[in-house]
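Note sheet for the following structure.
Numbers for residues simply follow the sequence, beginning at 1.
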Amino acid sequence: MDTNDPSTPIGAAAAAAVEALTMERRRPFPRPTRQRIITVANQKGGVGKTTTTVNLATALAMHGCRVLCIDLDPQGNASTALGVDHRSGVPSIYEVLLGDRPLEEVVVRSSEAEGLYCAPATIDLAGAEIELVSVVARETRLRRAIAGLRQEVDYILVDCPPSLGLLTVNALVAAKELLIPIQCEYYALEGLGQLLRNVELVQAHLNPELRLSTIILTMYDSRTRLADQVVHEVKEHFGNRVLGTTIPRNVRIAEAPSYGRSVLTYDPASRGSLSYLAAAREIAERGFEPNGVGV
């Protein structure tokens, strides 16, 4: 029996399943009742932090939300993945942090989705931490810049460098929510304690509204027992803050940035794309209660 023939029972069921999946992918996400500012941070490199920021931002924007992605990493990888120019000299978040430009002057539209914008990072940002040392209220520069933004957006996602320096502190002070990507590999939780201690310091002295709202598990390989052990350990420790959706190891996710694309536009049918789409929907539908549980 031909499963591709819609005149057969199995073929009709398969066609209906495909149609249902297509409709689900097109269904708009609920828009938040108040602006959600989410910092994506983990001082460990290679955990999928920038990839997660870019693909969640794209998925949210593709489904009816207005999204601003702020690239705080001097490498500018989020800017690259969103197809945004970030050569030295381009107006960027560097000038915003130093007070030379308002945030709306550096925000540019991304071609990845309608309603998706990016504040790019240039290599100049590498010296910002040194230049900000003597600046008054240096930890609140990004928060004040966001507060002065006249453009209305539903989500602001901040991509941090793989460190716990002043740029990451600015991102934590500016945000209401913290999202931590954790890779499903050995030493997954190593160093996470230091990040959470820094979060507690920020809560105590600079931003009492900051909450760890979301953990997303990345680079999941179902063929290994280790991956399942990491998933179990993380869920046992962080409970319902862990998304039900895990992000698999997927070559399309790795390839997409080299084309200046998110995986959702590079290969919409790939496992990586569908996983980030499901994760974004989960974040949107969960919502966020500012007075919820802390770290």
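- Side chain of S79 to main chain of A121: a donor-acceptor pair is present (N/O by atom type, distance under 3.5 Å, no hydrogens or angles).
- Here L201 is tied to no hydrophobic group at all, with no ILVMFWY side chain closer than 4.5 Å.
- Between I182 and V47, every side-chain heavy-atom pair lies at or beyond the 4.5 Å cut-off.
- Inter-residue side-chain proximity for F238 and L192 is flagged as met; some heavy-atom pair is nearer than 4.5 Å.
- A donor-acceptor pair under 3.5 Å is absent between the side-chain atoms of E139 and the main chain of V173, judged by distance alone.
- Residues R138 and V133 share a closest heavy-atom pair of NH1-O, 3.1 Å.
- Residue pairs satisfying the ring-ring contact (aromatic ring centres under 6.0 Å, His included) criterion with at least one member in residues 149-174, sequence neighbours excluded, are absent.
- When the side chains of ILVMFWY residues are joined at heavy-atom separations under 4.5 Å, either directly or via intervening members, V251 and V54 end up in two distinct hydrophobic clusters.
- Side-chain polar atoms of T50 and N77 form no donor-acceptor pair below 3.5 angstrom.
- Taking every heavy atom of both residues into account, V96 and L103 meet most closely at CG2-CA, 3.9 Å.
- Side chain of R281 to main chain of R27: a donor-acceptor pair is present (N/O by atom type, distance under 3.5 Å, no hydrogens or angles).
- In this structure, the side chain of D267 does not engage the main chain of V263 through any donor-acceptor pair within 3.5 Å.
- Note: L164 CG to N198 CG = 4.5 Å, rounded to the nearest 0.5 Å.
- Residues forming a side-chain hydrogen bond (donor to acceptor under 3.5 Å, both in side chains) with S270 (at least two apart in sequence, or on another chain): none.
- Proximity of a side-chain donor or acceptor of R241 to a complementary backbone N or O of I215 within less than 3.5 Å is not detected.
- Across all non-hydrogen atoms, the minimal contact from V107 to A119 is CG2-CB, 4.3 Å.
- A donor-acceptor pair under 3.5 Å is absent between the side-chain atoms of T140 and the main chain of R143, judged by distance alone.
- Taking the side chain as every heavy atom from C-beta outward, V199 and L212 never approach each other to under 4.5 Å.
- Listed by chain and number, the residues in a side chain to side chain contact (heavy atoms under 4.5 Å, CB included) with P74 are L125, A126, P161, L167 (sequence neighbours excluded).
- In this structure T52 satisfies the side chain to side chain contact (heavy atoms under 4.5 Å, CB included) test together with L56, L179, P181, I216, T218, Y276, sequence neighbours excluded.
- With sequence neighbours left out, the side-chain hydrogen bond (donor to acceptor under 3.5 Å, both in side chains) criterion links Q75 to D73.
- Remark: the backbone N or O of S92 is not paired with any side-chain donor or acceptor of T122 at under 3.5 angstrom.
- Within the 4.5 Å cutoff, the side chain of D228 has heavy atoms near those of the Y220 side chain.
- When the side-chain hydrogen bond (donor to acceptor under 3.5 Å, both in side chains) test is applied to N250, no partner is found at least two apart in sequence or on another chain.
- With salt bridges taken as basic N to acidic carboxylate O contacts below 4.0 Å, none links E200 and R197.
- For residues 165-213, there are no ring-ring contact (aromatic ring centres under 6.0 Å, His included) pairs, not counting sequence neighbours.
- Other cluster members for Y259: Y266, joined by side-chain heavy-atom distances under 4.5 Å among Ile, Leu, Val, Met, Phe, Trp and Tyr.
- Taking every heavy atom of both residues into account, E282 and T245 meet most closely at OE1-OG1, 3.0 Å.
- Exactly one of R36, R34, R211 qualifies for a salt bridge (charged side-chain N to carboxylate O under 4.0 Å, His left out) with E177. That residue is R36.
- Between L68 and Q151, every side-chain heavy-atom pair lies at or beyond the 4.5 Å cut-off.
- Side-chain N or O atoms of D159 include none that pairs as donor or acceptor with a backbone N or O of D71 at under 3.5 Å.
- What you find for A61 and L116 is that their closest heavy atoms are CB-CB, 3.7 Å.
- Residues that satisfy the side chain to side chain contact (heavy atoms under 4.5 Å, CB included) test with R87, not counting sequence neighbours, are D85, V90.
- The pair E190-K44 does not count as a salt bridge, with every side-chain nitrogen at least 4.0 angstrom from each carboxylate oxygen.
- By the side chain to side chain contact (heavy atoms under 4.5 Å, CB included) test, A254 pairs with no residue at all, sequence neighbours left out.
- Within the 4.5 Å cutoff, no side-chain heavy atoms of M219 are placed close to those of C184.
- Within the 4.5 Å cutoff, the side chain of T168 has no heavy atoms near those of the L72 side chain.
- No hydrogens or angles considered: nothing links the side chains of T58 and E112 as a donor-acceptor pair under 3.5 Å.
- Rounding to the nearest 0.5 Å gives a distance of 7.0 Å between CD1 of I283 and CG of L60.
- In this structure a side-chain-to-backbone donor-acceptor pair under 3.5 Å is missing from K235 to V242.
- Between C160 and T39, the shortest heavy-atom contact is SG-CG2, 3.5 Å.
- Connection of L97 to I123 is not established within any shared hydrophobic cluster, with ILVMFWY side chains joined at heavy-atom distances below 4.5 Å, either directly or through further cluster members.
- Summarising the geometry, atom OH belonging to Y117 is positioned 14.0 Å from atom SG belonging to C69; distances are rounded to the nearest 0.5 Å.
- Summarising the geometry, atom CD1 belonging to I37 is positioned 12.0 Å from atom CG belonging to D154; distances are rounded to the nearest 0.5 Å.
- Looking only at side-chain heavy atoms (C-beta outward), I70 and L142 come within less than 4.5 Å of each other.
- Of the inter-residue distances, the one linking E233 atom CD with L189 atom CG reads 5.0 Å to the nearest 0.5 angstrom.
- Side chain of Q35 to backbone of V153: a donor-acceptor contact under 3.5 angstrom is found.
- Distance check, rounded to the nearest 0.5 Å: CZ of R144 to CD1 of I146 gives 12.5 Å.
- Pairs of residues two or more places apart, or lying in two chains, that qualify as salt bridge (charged side-chain N to carboxylate O under 4.0 Å, His left out) and include a residue from residues 91-111 are R101-E105, E104-R150, R109-E114.
- Placement of L210 and L206 within a single hydrophobic cluster is found when ILVMFWY residues are connected by side-chain heavy-atom separations under 4.5 Å, directly or transitively.
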